[in-house]
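In what follows, chains are A, B, ... by sequence order, proteins preceding strands, each numbered from 1. If you're wondering where the values come from, they're calculated on a predicted model, not measured in any experiment.
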2 protein chains.
Amino acid sequence: MSATARKRLDAMAAKVKASGLKLTPQRLAIMRLLAESEDHPGADGIWRRLKRRFPGISQATVYRTVQLVKSLGEACEIAFADGGSRYDGRKPYPHPHIVCLACGRIIDPELRSLGDMTREAATASGFEIKTFRLDFFGTCPECSKNKTKTMPTRRIK
Amino acid sequence: MSATARKRLDAMAAKVKASGLKLTPQRLAIMRLLAESEDHPGADGIWRRLKRRFPGISQATVYRTVQLVKSLGEACEIAFADGGSRYDGRKPYPHPHIVCLACGRIIDPELRSLGDMTREAATASGFEIKTFRLDFFGTCPECSKNKTKTMPTRRIK
DNA sequence: CTAAGTGCAAATGATTTGCAGGTAT
DNA sequence: ATACCTGCAAATCATTTGCACTTAG
């Protein structure tokens, strides 16, 4: 487990304890997966990976824990149009994504111009901007090469 | 009915006929609502407005038609984290939104910097960007004045 | 005519919840 | 001890689909 992942896991565990909640083995395992996964796993994926080590773990527990960690501000949810959500416990704050429509990969780009655009949105509208959601969809370099056919386009909610 | 709305409705009707599909009264009514609504209505809202004039209209027909118009490229869907989708038949192409968390209002800002940011995302990632989804969430000027308490935060999928 | 469309109700599918029995602290 | 948790299964909820009956062209 990397140092950054360890830090993230510790932050999650600390918030849980600070809220007077319990650190069960299931929660630890789910939080650990959230803290170290770089592939933005979905609830179902987390559940499938976990039941190797916790044969009896229920999806309900995964959903409950993921929601808990999110509500504590220690993970963020990326919900897609097709109803599925994916989670990121490494960067628990809102950030942009680029999704490959062919292979489903999601990367986190650094966008220098994002701050300016947020300011432009606030100025243009008079809104007090609290948060945002930004996703780009396209084809990653690998899939572009392979000329793989595009996945059945998701319903972008 | 405004000139722009008329144009949008005509475009939708043309695509439907060009696809060898039928222009039923229900479809016309739904498309008309899509073409002239500036408030990004949801499927349920469309259905409720329509059953005044079409007492027997079913939600299934609304969903089917809205999907049809979207698949013809004549409306776009804005799907939110809480599972609900809203539609825009006035601008059938992807565009940014600003959502008021207090009253639910959605506006379409003009963002000059959007093109630059898309280019930055493409360059930084090597992806071929096909489309995007950009929403800002905050409080509109009216709700800021009224100091209305924020709506129970939607799950931002 | 007849392929398409409609209303209705049942089916989906991801997520949530009620409950009865466990378990961290 | 005793809140808090977990697994299980039933319940949600927006949306989709199967079917028998209409209807636009």
Side-chain angles (χ1 to χ4, degrees), chain A residues 12-31 40-48 50-51 53-72 75 77-87 104 152-157, chain B residues 12-31 40-48 50-51 53-72 75 77-87 104 152-157:
Chain A
M12 294 177 194
K15 285 270 183 76
V16 169
K17 281 189 291 196
S19 306
L21 304 175
K22 292 175 181 172
L23 272 181
T24 63
Q26 293 94 326
R27 278 187 182 164
L28 248 342
I30 294 165
M31 294 193 303
H40 309 78
D44 194 62
I46 294 173
W47 178 66
R48 273 198 299 262
L50 251 38
K51 63 177 171 174
R53 307 205 166 270
F54 292 84
I57 197 170
S58 71
Q59 307 207 47
T61 296
V62 174
Y63 280 109
R64 279 188 283 234
T65 301
V66 147
Q67 282 302 107
L68 170 64
V69 177
K70 195 182 63 149
S71 74
L72 295 173
E77 182 178 5
I78 322 166
F80 290 101
D82 60 1
S85 275
R86 293 171 67 173
Y87 302 88
T153 301
R154 296 164 168 272
R155 205 175 16 124
I156 304 307
K157 278 196 182 178
Chain B
M12 295 178 193
K15 285 270 182 77
V16 169
K17 280 190 290 195
S19 307
L21 303 174
K22 293 174 182 174
L23 273 180
T24 63
Q26 292 94 326
R27 279 188 180 163
L28 249 341
I30 294 165
M31 295 193 303
H40 309 79
D44 194 63
I46 294 173
W47 178 66
R48 272 199 298 264
L50 251 39
K51 63 178 173 175
R53 306 205 168 270
F54 292 83
I57 197 169
S58 70
Q59 306 207 47
T61 296
V62 174
Y63 281 108
R64 280 188 282 235
T65 301
V66 147
Q67 283 302 105
L68 169 65
V69 177
K70 193 182 64 148
S71 73
L72 295 173
E77 183 177 5
I78 321 167
F80 291 101
D82 61 359
S85 276
R86 293 170 67 171
Y87 301 88
T153 301
R154 296 165 168 272
R155 205 172 20 121
I156 303 307
K157 278 195 186 178

d([atom1], [X]; [atom2], [N]) in whole Å:
{"X": "A:Lys22", "N": "D:dA1", "atom1": "NZ", "atom2": "P", "answer": "15 Å"}
{"X": "A:Glu77", "N": "C:dT15", "atom1": "CD", "atom2": "P", "answer": "8 Å"}
{"X": "B:Arg86", "N": "D:dT15", "atom1": "CZ", "atom2": "C1'", "answer": "17 Å"}
{"X": "B:Trp47", "N": "D:dT16", "atom1": "CH2", "atom2": "C1'", "answer": "16 Å"}
{"X": "A:Ile57", "N": "C:dG22", "atom1": "CD1", "atom2": "C1'", "answer": "15 Å"}
{"X": "A:Arg27", "N": "D:dG7", "atom1": "CZ", "atom2": "P", "answer": "11 Å"}
{"X": "A:Leu28", "N": "C:dA24", "atom1": "CG", "atom2": "C1'", "answer": "12 Å"}
{"X": "A:Phe54", "N": "D:dC5", "atom1": "CZ", "atom2": "C1'", "answer": "14 Å"}

Quick one: is [N] close enough that its OP1 or OP2 comes under 4.0 Å of any side-chain N or O from [X]?
{"X": "A:Thr61", "N": "D:dG7", "answer": "yes"}
{"X": "A:Ser85", "N": "C:dA14", "answer": "no"}
{"X": "A:Tyr63", "N": "C:dT16", "answer": "no"}

Which nucleotide, [options], lies nearest any side-chain atom of [X]?
{"X": "A:Ala60", "options": "D:dA3, D:dC8, C:dA9", "result": "D:dC8"}
{"X": "B:Leu23", "options": "D:dA14, D:dG7, D:dG25", "result": "D:dG25"}
{"X": "A:Thr24", "options": "C:dA24, D:dT6, D:dT16", "result": "D:dT6"}
{"X": "B:Leu21", "options": "D:dC4, C:dA4, C:dT16", "result": "C:dA4"}

Inset, instruction - Would you indicate what B:Gln26 reaches in the nucleic acid, counting non-hydrogen atoms under 4.0 angstrom: base, sugar-phosphate, or nothing? - result: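 The answer is sugar-phosphate, as B:Gln26 gets under 4.0 Å only of primed atoms, P, OP1 or OP2.
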Inset, instruction - Could you check whether A:Arg64 gets within reach of a base, just the sugar-phosphate, or nothing at all, counting any heavy atom under 4.0 Å? - result: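 Base: the residue A:Arg64, judged by heavy atoms under 4.0 Å, touches a nucleobase.
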Inset, instruction - For the pair B:Trp47 (side chain) and B:Thr61 (backbone), establish whether a donor and an acceptor sit closer than 3.5 Å, ignoring hydrogens and angles. - result: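 Checking the backbone N and O of B:Thr61 against the side chain of B:Trp47, no donor-acceptor pair under 3.5 Å is found.
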Legend entry - Main-chain N/O of B:Leu68 paired to B:Ser71 side chain as donor or acceptor, under 3.5 Å: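 Side chain of B:Ser71 to backbone of B:Leu68: a pair is present.
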Legend entry - Of B:Leu68 and A:Asp44, the one whose closest DNA chain C nucleotide lies more 5':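 Mapping each residue to its closest nucleotide by heavy atoms, the 5'-most match is B:Leu68.
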Determine whether [X] and [Y] make a side-chain contact, defined as any pair of heavy atoms from C-beta on separated by less than 4.5 Å.
{"X": "A:Ile78", "Y": "A:His40", "answer": "yes"}
{"X": "B:Met12", "Y": "B:Val16", "answer": "no"}
{"X": "B:Met31", "Y": "B:Leu23", "answer": "yes"}

